[in-house]
Trainee: 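Before anything else, here's the structure in question.
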Amino acid sequence: MTTAEYNQCVDDHADGVYRFVLKNIKDEDRARDIVQEAFVRMWEKAETISAEKSRSYLFTTAYHTMIDTIRREKKQTDFESVNEGEYSTDNEFSDLKEVLNEAVGKLPEIQRSVLLLRDYEGYSYQEIGEITGLNESQVKVYIYRARVFIKKYIGSLDTVI
């Protein structure tokens, strides 16, 4: 990959990678750090990456960096600093988008990641499998389970009202 191709990749995919990471971790600063780290790693390996595979490589690297960050932070969480609001709901929603975001936020990491890659970023099952290291049938199962959970969550009259 040449410098021009790398710069074009940054222009074309930075926003999509940032949206994907932000939807998963819900922290703008950490999302920027993860995206920046993914681009740094891509730059370090630019000689071995073809321009056609740059998008897939970038999302894969960002996904793995995000997972590493989440795991590292889970190990460092102090019991006293647990946010009670994270485990209880007392929200009144003004629109369906808020309910949907709340439902997506309650999904397990892997289900949220594959669902966002499929429905928000438009990746195929095969591409999602390459990014996450899952096989295609696992990807389909996780997406199905995530959609069923969201359907039940949104369908619950208590949640919407």
Side-chain angles (χ1 to χ4, degrees), residues 1-78 81 83 86 95-151 153-154:
M1 171 185 298
T2 65
T3 303
E5 291 171 332
Y6 176 83
N7 290 336
Q8 186 62 44
C9 179
V10 171
D11 292 340
D12 292 346
H13 306 300
D15 291 338
V17 173
Y18 175 73
R19 278 192 316 269
F20 168 67
V21 173
L22 183 62
K23 278 284 191 184
N24 275 288
I25 62 173
K26 304 206 182 352
D27 183 342
E28 292 179 7
D29 292 331
R30 287 189 323 166
R32 285 188 199 106
D33 290 344
I34 290 169
V35 171
Q36 184 175 7
E37 179 65 26
F39 276 112
V40 167
R41 290 182 184 179
M42 187 170 150
W43 177 251
E44 291 170 348
K45 304 263 184 180
E47 295 174 0
T48 61
I49 302 168
S50 69
E52 297 82 35
K53 298 286 184 179
S54 62
R55 178 178 183 227
S56 178
Y57 182 88
L58 182 61
F59 270 88
T60 301
T61 304
Y63 171 77
H64 289 294
T65 303
M66 178 184 67
I67 295 300
D68 291 344
T69 302
I70 291 169
R71 287 180 180 156
R72 186 173 35 253
E73 289 173 358
K74 277 186 179 179
K75 289 180 182 178
Q76 296 173 352
T77 301
D78 183 21
S81 65
N83 181 7
E86 191 174 324
D95 64 359
L96 186 59
K97 184 178 179 186
E98 289 180 28
V99 176
L100 183 60
N101 287 337
E102 179 83 14
V104 169
K106 291 186 180 282
L107 289 170
E109 276 178 36
I110 189 67
Q111 289 180 11
R112 181 174 48 241
S113 295
V114 296
L115 182 73
L116 292 173
L117 285 170
R118 177 70 179 171
D119 293 341
Y120 284 74
E121 299 300 329
Y123 278 101
S124 70
Y125 295 120
Q126 181 181 1
E127 291 172 323
I128 295 169
E130 291 171 7
I131 290 170
T132 60
L134 302 169
N135 66 42
E136 197 170 323
S137 61
Q138 288 174 314
V139 169
K140 289 177 182 178
V141 167
Y142 284 132
I143 290 172
Y144 172 78
R145 289 178 182 167
R147 288 176 178 164
V148 167
F149 173 81
I150 289 173
K151 182 178 177 182
Y153 188 87
I154 292 175

Trainee: Can you check side-chain contact (heavy atoms from CB on, under 4.5 Å) on Ile34 and Ile25, steps first, answer last?
Mentor: CA-CA 10 Å; Ile34 290 169; Ile25 62 173; 3.7 Å; yes
Trainee: Without swapping roles, check the side chain of His64 against the backbone of Ala38 for a donor-acceptor pair under 3.5 Å.
Mentor: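 Here the side-chain-to-backbone pair does not exist.
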Trainee: If the condition is side chain to side chain donor-acceptor pair (under 3.5 Å), which residues does Thr61 pass it with, not counting sequence neighbours?
Mentor: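 Testing Thr61 for side chain to side chain donor-acceptor pair (under 3.5 Å), a comparison that skips the adjacent residues, returns none.
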Trainee: Within a strict 4.5 Å, meaning less than it, do heavy atoms of the Thr2 and Glu5 side chains meet?
Mentor: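 Heavy-atom side-chain distance check passes, below 4.5 Å.
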Trainee: Do Trp43 and Thr3 make a side-chain contact, defined as non-hydrogen atoms from C-beta onward lying under 4.5 Å apart?
Mentor: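 Result yes, sub-4.5 Å side-chain heavy-atom pair found.
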Trainee: Taking side chain to side chain donor-acceptor pair (under 3.5 Å) as the definition, give me every residue that meets it alongside Ser137, ordered by chain and number, with sequence neighbours left out.
Mentor: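 Counting only residues at least two positions away or on another chain, Ser137 forms a side chain to side chain donor-acceptor pair (under 3.5 Å) with Asn135.
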Trainee: Output the distance between atom CZ (Phe39) and atom OG1 (Thr65), rounded to the nearest 0.5 Å.
Mentor: 11.5 Å
Trainee: Among residues at least two apart in sequence or on other chains, which ones pass side chain to side chain donor-acceptor pair (under 3.5 Å) with Asp68?
Mentor: none
Trainee: Taking side-chain contact (heavy atoms from CB on, under 4.5 Å) as the test, write out the residues that go with Asp29, two or more places apart.
Mentor: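 Scan of Asp29 (side-chain contact (heavy atoms from CB on, under 4.5 Å), adjacent residues dropped) gives Asp27, Arg32.
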Trainee: Taking the side chain as every heavy atom from C-beta outward, state whether Met1 and Met42 have any atom pair closer than 4.5 Å.
Mentor: yes
Trainee: Could I get the full list of side-chain contact (heavy atoms from CB on, under 4.5 Å) partners for Phe149, not counting sequence neighbours?
Mentor: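 Expected list: Lys106, Leu107, Tyr153.
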Trainee: Got a sec, which residues hit side chain to side chain donor-acceptor pair (under 3.5 Å) with Glu136, two or more places apart in sequence or on another chain?
Mentor: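 In terms of side chain to side chain donor-acceptor pair (under 3.5 Å), with neighbours along the sequence ignored, Glu136 is linked to no residue.
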Trainee: Could you label the plane-to-plane angle of the Phe59 and Phe20 rings as parallel, tilted or perpendicular, counting under 30° as parallel and over 60° as perpendicular?
Mentor: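 Aromatic pair Phe59/Phe20 classed tilted.
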Trainee: Holding to ring pair (Phe, Tyr, Trp, His ring centres under 6.0 Å), I want the full list of residues that pass it with Tyr142, two or more places apart in sequence or in another chain.
Mentor: none
Trainee: Could you pull out the closest heavy-atom pair between Val139 and Tyr125, with the gap in Å?
Mentor: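 Heavy-atom minimum between the residues: CG1-CD2, 3.8 Å.
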Trainee: Quick one: are Val35 and Leu22 in side-chain contact, heavy atoms under 4.5 Å?
Mentor: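 The answer is no, as the side chains (C-beta and beyond) never meet within the 4.5 Å cut-off.
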Trainee: Answer whether the closest heavy-atom distance between the side chains of Leu117 and Thr132 falls below 4.5 Å.
Mentor: yes
Trainee: Do Ile128 and Ile143 come close enough that some side-chain heavy atom pair is under 4.5 Å?
Mentor: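 Yes. Closest side-chain heavy atoms under 4.5 Å.
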Trainee: If you draw a 6.0 Å radius around OH in Tyr120, do more than 12 non-hydrogen atoms from other residues or ligands fall strictly inside?
Mentor: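 Yes, enclosed.
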Trainee: With sequence neighbours excluded, tell me which residues meet side-chain contact (heavy atoms from CB on, under 4.5 Å) with Lys26.
Mentor: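 Expected list: none.
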Trainee: Closer than 3.5 angstrom, by distance alone: can the side chain of Thr48 be matched with the main-chain N or O of Lys45 as a donor-acceptor pair?
Mentor: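 Yes, Thr48 side chain to Lys45 backbone: donor-acceptor pair under 3.5 Å.
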Trainee: Looking at residues at least two apart in the chain, or sitting in another chain, which of them share a side-chain contact (heavy atoms from CB on, under 4.5 Å) with Gln8?
Mentor: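 Here the qualifying residues are Asp12.
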Trainee: Using modelled atom types only, decide if a donor and an acceptor are shared between the side chain of Arg112 and the backbone of Gly105 within a distance under 3.5 Å.
Mentor: yes
Trainee: Sequence neighbours left out, what passes ring pair (Phe, Tyr, Trp, His ring centres under 6.0 Å) with Tyr57? Give chain and number order.
Mentor: none
Trainee: Could you walk me through whether Ile150 and Leu115 satisfy the side-chain contact (heavy atoms from CB on, under 4.5 Å) test, starting with their C-alpha distance in whole Å, then the side-chain angles of each, then the deciding distance to 0.1 Å, before giving a yes or no?
Mentor: CA-CA 11 Å; Ile150 289 173; Leu115 182 73; 3.4 Å; yes
Trainee: Tell me, which pairs form a salt bridge (charged side-chain N to carboxylate O under 4.0 Å, His left out) where one or both residues lie in residues 116-131, sequence neighbours left out?
Mentor: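 Salt bridge (charged side-chain N to carboxylate O under 4.0 Å, His left out) check on residues 116-131 returns Arg19-Glu121, Asp119-Arg147.
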